[in-house]
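I have placed the structure first, in the form of structure tokens, so that the comments after it can refer back to it.
Basis for what follows: all heavy atoms, side chains included, without hydrogens, waters or symmetry-related copies. Each chain gets a letter, A, B and so on, in the order its sequence line appears, and its residues count up from 1. The shown structure was predicted, so the numbers you read here are calculated from the model rather than taken from an experiment.
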Number of protein chains: 2
Amino acid sequence: MVQHQTHHLDAVFHALADPTRRHMLRRLAEGEQSVGELAAPFQMSFAGASKHVRTLENAGLVRRTVRGRTHICRLEPAPLEAADEWLRFYERFWGERLDALERELKKPETTTPSGGCDD
Amino acid sequence: MVQHQTHHLDAVFHALADPTRRHMLRRLAEGEQSVGELAAPFQMSFAGASKHVRTLENAGLVRRTVRGRTHICRLEPAPLEAADEWLRFYERFWGERLDALERELKKPETTTPSGGCDD
DNA sequence: CAGTTGCTAAACTAATTGGTTGAATATCTA
DNA sequence: TAGATATTCAACCAATTAGTTTAGCAACTG
């Protein structure tokens, strides 16, 4: 099983907390993109966009392959899955009836059903 | 239907990008907590923790009711659902076979199946 | 070879962040 | 009323961030 450490989530959520970077991920969902292609839609300087790609890469959301002089990026879904997993802990709070979940949660000392040390 | 605007996600993901705040949310999943109770487990100053609660509140993740001199916080799941919804767009990238999804994604000009203007 | 292209690196700025402390406010309690 | 409790507010600091510009480095192209 993949270890979802807390500082991973820090980086992942932080990377997602920016519209430019989220937009880049959406583009990458359509297929591989060079840094230049990723940067193109934005007003900002090329170097600026390149830094966004870098933070995505540092968060593990993007993997880069250098082919010639162009850097080809592709989506790395694992950290997104980790983030989703974290979020889904709260799934019962939406959708479900509230009184039902209150009963569920009042069961004493069932600290974390998923048994993790994550926060 | 709830409108999930981009700046909402900015604030939500940013709020989640901090272990202290994620920890607070976990505590709130067990039930209502006062700001003091939320602050207690942490080394930092009370005012510091109070600021974290505030950012959670600003992101819409926490709702506060003032009862007497204590502020009672409870979890507000809607933004978590919005974040999860955003993440689940990428669900096919994990779990699913990769070649299958490549075929799916190569369907030309199906920009965003969920039909939104979100990023 | 010279020039252009794709990209990173470095240095800088302005704004934001996470944290502190000390004071202010309001509520409960003796 | 006086004091303790629960909390925010304001001012401040150090570190980080998002952005810029300029320069540099490979790798293609003629």
Side-chain angles (χ1 to χ4, degrees), chain A residues 6-25 27-28 31-76 119, chain B residues 6-28 31-76 79 119:
Chain A
T6 175
H7 53 282
H8 281 350
L9 283 181
D10 285 12
V12 171
F13 280 130
H14 171 252
L16 296 180
D18 180 288
T20 302
R21 291 190 291 258
R22 286 200 306 277
H23 196 94
M24 285 177 166
L25 286 182
R27 303 266 329 277
L28 286 170
E32 298 182 340
Q33 307 270 338
S34 72
V35 174
E37 287 168 333
L38 284 175
F42 302 103
Q43 294 284 127
M44 85 187 70
S45 72
F46 188 77
S50 169
K51 281 211 222 171
H52 280 295
V53 177
R54 168 70 55 125
T55 53
L56 287 170
E57 197 184 10
N58 288 341
L61 289 161
V62 156
R63 206 149 85 206
R64 178 194 308 245
T65 332
V66 179
R67 181 148 68 219
R69 63 186 158 180
T70 93
H71 295 206
I72 302 211
C73 303
R74 67 181 185 292
L75 187 67
E76 192 63 61
D119 41 8
Chain B
T6 176
H7 53 281
H8 281 350
L9 283 181
D10 285 12
V12 172
F13 279 129
H14 170 252
L16 296 180
D18 181 287
T20 302
R21 290 188 295 254
R22 287 200 304 279
H23 195 94
M24 286 175 165
L25 287 182
R26 274 288 150 106
R27 303 268 326 281
L28 286 171
E32 298 183 339
Q33 308 270 338
S34 72
V35 175
E37 287 168 333
L38 285 174
F42 302 104
Q43 293 284 131
M44 84 187 71
S45 71
F46 188 77
S50 169
K51 281 211 222 171
H52 281 295
V53 177
R54 168 70 56 120
T55 50
L56 287 170
E57 197 184 9
N58 288 340
L61 289 160
V62 156
R63 206 149 85 207
R64 178 194 309 245
T65 333
V66 180
R67 180 149 65 220
R69 61 187 160 179
T70 93
H71 295 207
I72 301 211
C73 304
R74 68 181 184 288
L75 187 66
E76 193 62 60
D119 43 8

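Taken from CG in Leu61(A) to CG in Leu28(A), the straight-line distance is 10.0 Å, to the nearest 0.5 Å.
If you check every strand for non-hydrogen atoms under 4.0 Å, Thr55(B) touches nothing.
Ser34(B) and Arg67(B) share no side-chain donor-acceptor pair at under 3.5 Å.
Under the rule for a side-chain contact (heavy atoms from CB on, under 4.5 Å), the partners of Phe46(B) that lie at least two apart in sequence or sit in another chain are Val35(B), Ala39(B). Checked against salt bridge (charged side-chain N to carboxylate O under 4.0 Å, His left out), Arg63(A) has the following partners two or more places apart in sequence or in another chain: Glu76(A). In this structure Glu57(A) satisfies the side chain to side chain donor-acceptor pair (under 3.5 Å) test together with Arg64(A), sequence neighbours excluded. The side chain to side chain donor-acceptor pair (under 3.5 Å) check on His52(B) picks up Arg21(B), with sequence neighbours excluded.
Atom NE2 in His52(A) sits about 16 Å away from atom C1' in dC7(C), given to the nearest Å. Asp10(B) has its CG atom 13 Å from the C1' atom of dA18(D), to the nearest Å. Note: NE2 (His71(A)) to P (dT5(C)) measures 17 Å, nearest angstrom. Between the C1' atom of dT17(C) and the NE2 atom of His14(B) lies a distance of 7 Å, rounded to the nearest Å. The CE-P distance, from Met24(A) to dA18(D), rounds to 12 Å in whole Å.
Side-chain N/O atoms of Thr20(A) include none lying less than 4.0 angstrom from OP1 or OP2 on dA18(D).
Within residues 35-42 of chain A, the residues approaching DNA chain C are Val35(A), Gly36(A), by heavy-atom distance under 4.0 Å.
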Provide a list of protein-nucleic acid N or O atom pairs under 3.5 angstrom, restricted to nucleotides 20-27 of chain C.
from, atom 1, to, atom 2, distance (Å)
dT20(C), OP1, Ser45(B), N, 3.1
dT20(C), OP2, Ser45(B), N, 2.9
dT20(C), OP2, Ser45(B), OG, 2.7
dT27(C), O2, Arg69(B), NH1, 3.2

> Between Val62(B) and Leu25(B), is a side-chain contact (heavy atoms from CB on, under 4.5 Å) present by the stated rule, with each step listed?
Replying inline: CA-CA 8 Å; Val62(B) 156; Leu25(B) 287 182; 4.3 Å; yes
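Shortest non-hydrogen contact noted between Ala11(A) and Ala59(A) is O-CB, 3.7 Å.
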